[in-house]
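Here is the structure we will look at, set down as structure tokens.
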Amino acid sequence: YNFRKIIFNFPNIRYIVSYIKDDPLTLVSDGDIFEFDYESSNKVYIVGNDFAIIGKQSISVYDFSGKILFSDNCPYDNPLAVSYGNELIVYEIGKTELRFYNSYSLVERMNFESPVYDVTIAENGNFLVMTASDGYRSGFRIYNNRKKLLLRCNFGEFSLQATSISNDG
């Protein structure tokens with residue numbers, strides 16, 4: 001542990017992942033040590049059989065041997081993410097864009113006319129975006145796993161505070 005850097009080795013990663021995945025020992029192999037700049041806002045997400053470290057204006061995806069698979073500069077100072085399967089949805093509260101990543105690339109961008117406040121995903125890949133439209137206080141959009149709009153709902157008198165979507169979307 002160094003000032004503003006953390007050094008992981010793969011037994012540490014195995015330990016961390018054991019609380020996230022059902023059978024981490026089949027996913028992790030020993031490898032070299034790797035480093036990343038530490039900030040308290042950095043978050044680690046599982047993306048398929050790899051993991052992503054998301055921090056201020058950056059995302060890096062590693063495999064469990066320590067090889068960096070993908071790195072990108074994203075325009076978010078306080079990014080949030082939702083992972084499902086082999087994809088990761090990255091956004092920032094108050095911005096109007098979602099970014100969809102896999103282990104190797106930025107797959108797609110989705111833009112909205114109003115700020116995004118929350119993203120929730122179902123086990124089947126359908127996802128809900130809490131946002132609004134001009135003239136409304138709040139609203140949400142539900143998309144299927146192919147990113148096609150299924151439902152759009154806005155509220156003029158109510159303000160949504162949180163969102164949730166059932167496991168089957």
Taking every heavy atom of Ile121 against every heavy atom of Tyr84, the minimum-distance pair comes out as CD1-CD2, 2.8 Å

Can we call the ring centroids of Phe127 and Tyr143 under 6.0 Å apart? yes

Minimum heavy-atom distance Val47-Asn86, with the two atoms named: CG1-O, 3.4 Å

What's the separation between atom OG1 in Thr120 and atom CG in Asn126, rounded to the nearest 0.5 Å? 12.5 Å

Measure the shortest side-chain to side-chain distance between Met110 and Phe100 over non-hydrogen atoms and say whether it is less than 4.5 angstrom. yes

Any side-chain heavy atom of Ile54 sitting closer than 4.5 Å to one from Leu88? yes

Can you establish whether the number of heavy atoms outside Glu157 located under 6.0 Å from its atom CD is more than 12? no

Can we call the ring centroids of Phe112 and Tyr91 under 6.0 Å apart? no

Answer yes or no: is there an ion pair linking Glu108 with Arg146, defined by an N-O contact shorter than 4.0 Å? no

Is the shortest side-chain heavy-atom distance between Arg137 and Phe155 below 4.5 Å? no

Donor-acceptor contact below 3.5 Å, side chain Glu92 vs main chain Pro79: no

Reported CG-to-CZ distance for the pair Asn111 and Arg109, which is rounded to 0.5 angstrom: 8.0 Å

Any chance you could measure Ser105, atom OG, to Leu69, atom CG, to the nearest 0.5 Å? 11.0 Å

I'd like to check Gln57 versus Asp77 (side-chain heavy atoms, cut-off strictly below 4.5 Å). Are they in contact? yes

Side chains of Cys74 and Arg99, heavy atoms from C-beta outward: is any pair under 4.5 Å? yes

Donor-acceptor pair between Ser103 and Asp50 side chains, under 3.5 angstrom: yes

For Ser114, is there any backbone N or O sitting under 3.5 Å from a side-chain donor or acceptor partner on Thr131? yes

Test side-chain contact (heavy atoms from CB on, under 4.5 Å) on Val116 and Ile93 and set out the steps. CA-CA 6 Å; Val116 172; Ile93 294 173; over 6 Å; no

For the CG atom of Asp72 and the CG atom of Leu106, what is their distance to the nearest 0.5 Å? 6.0 Å

Heavy-atom closest pair (Ala81 atom, Val90 atom, distance to 0.1 Å) is CB-CG2, 4.1 Å

So CD1 of Ile142 and CD1 of Ile165: to nearest 0.5 Å the spacing works out to 4.5 Å

Of Tyr104, Phe51, Tyr45, which meets ring-ring contact (aromatic ring centres under 6.0 Å, His included) against Tyr62? Phe51

Using distance alone, with no hydrogens and no angle criterion, decide if Glu97 and Tyr76 have a side-chain donor and acceptor under 3.5 Å apart. yes

Ser138 vs Asn154, side-chain contact (heavy atoms from CB on, under 4.5 Å): CA-CA, chis, key distance, verdict: CA-CA 6 Å; Ser138 63; Asn154 291 302; over 6 Å; no

Relative to the ring of Tyr101, is the ring of Phe70 parallel (under 30°), tilted (30 to 60°) or perpendicular (over 60°)? tilted

If you group Ile, Leu, Val, Met, Phe, Trp and Tyr by side-chain heavy-atom gaps below 4.5 Å, do Leu149 and Tyr136 land in one group? no

Counting distance only, does the side-chain N/O of Arg141 pair as donor-acceptor with the main-chain N or O of Ala132 below 3.5 Å? yes

